[in-house]
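Structure record follows, encoded as structure tokens.
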Number of protein chains: 2
Amino acid sequence: MPERRDLFEANPDDTREAIMKATYDALSRHGYADLTIQRIGDEFDKSKSLLYHHYDSKDALLVDFLSFMLERMEGTIPLEQADAADERLRIGFDHVISEIIDGDRQDFNRAMTELRAQSAHDDAFCEQFSKNDRYFEQRVRVILEAGIDQGLFHDVDTEQVASMLVTIIQGATFQATTSTEPDLEAVRAELDAYIESRLLVDDA
Amino acid sequence: MPERRDLFEANPDDTREAIMKATYDALSRHGYADLTIQRIGDEFDKSKSLLYHHYDSKDALLVDFLSFMLERMEGTIPLEQADAADERLRIGFDHVISEIIDGDRQDFNRAMTELRAQSAHDDAFCEQFSKNDRYFEQRVRVILEAGIDQGLFHDVDTEQVASMLVTIIQGATFQATTSTEPDLEAVRAELDAYIESRLLVDDA
DNA sequence: AATCGGTGATTGAATATTCAATCAACAATG
DNA sequence: CATTGTTGATTGAATATTCAATCACCGATT
């Protein structure tokens with residue numbers, strides 16, 4: 001049971017953080033399509049007009065929110081908790097998948113999926129997500145390369161394998177947020193089998 | 001180059017089909033979030049009021065549209081074009097991936113992703129997609145079981161592997177529709193490598 | 001008194017939905 | 001055959017609602 005650093009404190013002191021939390025709550029409760037300034041205001045202990053004091057528009061607020069969240073989420077990825085590449089890969093995926101599964105985050109995860117789906121029509125969103133994707137894929141590649149150097153992994157095309165791993169994670173996220181009966185346990189198990197059969201050098 | 005049965009005729013005779021096509025066009029052009037009855041009406045050679053003659057509400061129209069499209073898409077999946085399970089798998093994935101990549105469908109695919117992301121908040125959407133998911137996964141499992149029977153595939157847990165394959169396809173779709181530089185070629189290549197290393201019995 | 005954090009009421013545009021009124025086709029009736 | 005009623009398709013205009021954004025104003029702190 002890894003300790004959970006919560007995304008927000010119960011009642012944040014500074015206003016921006018309070019707005020972010022209100023947005024988080026409203027987004028979780030209503031989803032992106034039904035997210036209105038009114039509803040953000042409802043989750044906020046100050047008035048909704050105040051939001052316009054801090055942001056030029058609803059869109060500006062959401063863009064800031066997205067960048068805030070992605071940054072914070074990158075920050076929670078466990079770093080350097082092991083030397084061996086296979087261990088690092090395992091720890092990383094455990095973390096990511098536990099976030100996908102976490103019941104308390106369901107609604108929010110769904111909202112993030114909506115946001116991302118929306119990003120085709122919003123350049124600012126798009127840019128945020130692209131940055132996040134590159135970061136994540138890069139992290140995976142570094143681990144893969146280390147694994148190959150360490151003689152733990154076969155000498156695979158790291159770009160290709162990293163693409164696949166990212167695709168699997170995104171597929172799992174998408175399913176978890178949009179499917180009624182996602183079988184994430186099965187995916188997790190098969191992910192291990194994939195790594196085993198495709199990456200791991202076995203010297204038993 | 002597989003022959004392309006188009007999703008719609010140029011000018012459909014019956015009204016429902018015409019409405020479906022108008023909805024398709026409007027959805028492709030504007031995306032789900034900006035889809036209005038007005039805009040569907042604009043793609044339609046009749047008046048927008050007529051839409052309410054055929055459907056009770058915007059939502060009812062969209063639900064019918066979704067079921068219409070999913071059914072039609074299921075219909076285009078190539079069936080029984082080969083006996084060998086590995087061939088069937090290959091043909092199936094070729095088809096699906098070509099649909100994901102197809103530039104003419106980009107905008108529509110994006111809209112479907114938005115719709116799906118939306119389904120967390122719309123039971124009717126949700127049901128449609130779930131039905132579609134079950135259908136697809138079932139098809140994959142049948143092929144896997146045949147492959148094992150034929151001695152072509154290892155005796156894997158078909159439920160688990162099917163889950164993974166579906167996850168990969170959904171991940172690829174999600175990336176193709178929401179990412180700026182999706183590397184689907186890499187995913188495709190790695191998918192083959194996965195099947196090779198995890199499924200195929202090699203008797204060279 | 002001037003600035004800053006904050007508010008409730010209000011506005012204007014966008015949008016889904018309704019509706020009364022035609023129109024076209026067609027079947028039954030005289 | 002001509003007339004008459006009937007039904008579904010179609011329309012343009014009207015209505016009702018939602019929502020982002022603005023504004024005039026308040027109270028405290030400097």
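What you see below is based on every heavy atom in this structure, not just the backbone, and it leaves out hydrogens, waters and symmetry mates.
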Exercise. Is R72(B) positioned over the aromatic face of F8(B), cation under 6.0 angstrom from the ring centre and no more than 45 degrees off axis?
Worked result: yes
Problem set entry | Which residues share a salt bridge (charged side-chain N to carboxylate O under 4.0 Å, His left out) with R198(B), sequence neighbours left out | E190(A)
Problem set entry | Pairing residues for D86(A) by the salt bridge (charged side-chain N to carboxylate O under 4.0 Å, His left out) criterion, not counting sequence neighbours | none
For this session: May I have all residue pairs that pass side chain to side chain donor-acceptor pair (under 3.5 Å) and include part of residues 112-123 of chain B, sequence neighbours excluded?
Result: E114(A)-H121(B), H121(A)-E114(B), T178(A)-R116(B), T113(B)-T177(B), R116(B)-D133(B)
Exercise. So, are R16(A) and D64(A) salt-bridged, with charged N and O less than 4.0 Å apart?
Worked result: yes
For this session: Run the salt-bridge test on R90(B) and E87(B) with the 4.0 Å N-O cut-off and return the result as yes or no.
Result: yes
Exercise. Could you give all pairs that pass the salt bridge (charged side-chain N to carboxylate O under 4.0 Å, His left out) test and reach residues 24-42 of chain A, with sequence neighbours left out?
Worked result: K21(A)-D25(A), R29(A)-E43(A)
Exercise. Quick one, which residues of residues 43-59 of chain B touch DNA chain D with a heavy atom under 4.0 Å?
Worked result: K46(B), S47(B), S49(B), L50(B), H53(B)
For this session: Please work out which residues in residues 27-39 of chain B have a non-hydrogen atom less than 4.0 Å from an atom of DNA chain D and list them by number.
Result: none
